[in-house]
Peer 1: 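The structure is given below, and queries will be raised subsequently.
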Amino acid sequence: MDTLLTQLDDNLKELYRKALDADALLDNLQQQGHAKHQRIFADNKLFQASSNRFMPYLAETAEQVAAMRQSQQFNTATLQRVVQQLKQLHATLAEFRMLLTTQ
């Protein structure tokens, strides 16, 4: 269990910096009159959060990992949800970065 939680924490740490940078870029774009989207993940069933920035989604995922760590228990459904959230965050942040570098 500790190894699994360590791996989840490592993913969260990696995503944290990327999410901060992406949100700063989104703030900058919004100040320039761009980035008028309402949500990062429209019609998404993985997250309860609904935001036009990445950090609330990452915070939601981190809270679930923290709850697993505190209880020292997890069920398969919770773990699968967290892994799917991490995958979606990684993919979306990578896609966002790629879009910015191609423009």
Side-chain angles (χ1 to χ4, degrees):
M1 173 109 174
D2 288 338
T3 303
L4 175 64
L5 289 170
T6 300
Q7 290 175 339
L8 294 173
D9 287 341
D10 290 345
N11 271 274
L12 289 170
K13 288 175 189 175
E14 180 182 342
L15 286 168
Y16 179 77
R17 185 75 240 165
K18 291 177 181 180
L20 277 180
D21 292 344
D23 284 353
L25 286 169
L26 287 169
D27 289 340
N28 189 22
L29 288 169
Q30 190 171 30
Q31 289 173 358
Q32 296 173 16
H34 307 289
K36 296 180 181 184
H37 62 283
Q38 300 222 349
R39 292 183 302 269
I40 297 291
F41 300 114
D43 301 326
N44 191 307
K45 307 283 188 259
L46 283 178
F47 294 97
Q48 291 180 358
S50 178
S51 177
N52 61 354
R53 298 298 182 265
F54 285 97
M55 286 305 289
Y57 297 102
L58 185 60
E60 179 182 325
T61 306
E63 287 173 11
Q64 291 179 49
V65 173
M68 288 190 307
R69 180 179 298 289
Q70 185 176 14
S71 70
Q72 286 295 312
Q73 295 179 0
F74 63 89
N75 63 37
T76 304
T78 302
L79 180 59
Q80 286 176 338
R81 182 180 184 95
V82 166
V83 170
Q84 289 175 343
Q85 287 174 330
L86 290 169
K87 281 182 176 180
Q88 186 150 13
L89 283 165
H90 274 292
T92 305
L93 283 163
E95 189 176 323
F96 178 69
R97 176 183 255 174
M98 194 167 80
L99 284 172
L100 290 178
T101 58
T102 59
Q103 291 182 358

Peer 1: State, with a plain yes or no, whether a side-chain heavy atom of Ile40 is found less than 4.5 Å away from one of Phe96.
Peer 2: no
Peer 1: Answer yes or no: does atom CZ of Arg39 have more than 12 heavy-atom neighbours from other residues, nucleotides or ligands under 6.0 Å?
Peer 2: yes
Peer 1: Atom CG in Leu86, atom CD in Gln84: separation rounded to 0.5 Å?
Peer 2: 10.5 Å
Peer 1: Determine the interplanar angle of the Tyr57 and Phe41 rings, folded into 0 to 90°, and report it as parallel if under 30°, tilted if 30 to 60°, perpendicular if over 60°.
Peer 2: perpendicular
Peer 1: Using 0.5 Å steps for rounding, measure from the CG atom of Asn75 to the CZ atom of Arg81.
Peer 2: 11.0 Å
Peer 1: Are Lys18 and Asp21 close enough that some pair of their side-chain heavy atoms sits under 4.5 Å apart?
Peer 2: no
Peer 1: Side-chain contact test, heavy atoms from C-beta onward, threshold under 4.5 Å: evaluate it for Met55 versus Leu15 and give yes or no.
Peer 2: no
Peer 1: Between Met68 and Leu4, is any pair of side-chain heavy atoms under 4.5 Å apart?
Peer 2: no
Peer 1: Quick check: do Val83 and Asn11 have side-chain heavy atoms less than 4.5 Å from each other?
Peer 2: no
Peer 1: Only pairs at least two apart or in different chains count here, so list each salt bridge (charged side-chain N to carboxylate O under 4.0 Å, His left out) that has a residue in residues 55-69.
Peer 2: Asp9-Arg69
Peer 1: Could you grab the distance from atom CD of Gln70 to atom CG of Leu5, nearest 0.5 Å is fine?
Peer 2: 12.0 Å
Peer 1: Drop me the distance from Leu58's CG to Leu93's CG, to the nearest 0.5 angstrom.
Peer 2: 8.5 Å
Peer 1: Tell me whether Gln32 at atom CD has more than 12 heavy atoms from other residues, nucleotides or ligands lying less than 6.0 Å away.
Peer 2: yes
Peer 1: So which atom in Pro56 and which in Ala49 form the shortest heavy-atom distance, rounded to 0.1 Å?
Peer 2: O-CB, 4.0 Å
Peer 1: Under the salt bridge (charged side-chain N to carboxylate O under 4.0 Å, His left out) rule, what pairs show up with a residue in residues 22-33, not counting sequence neighbours?
Peer 2: Asp27-Arg53
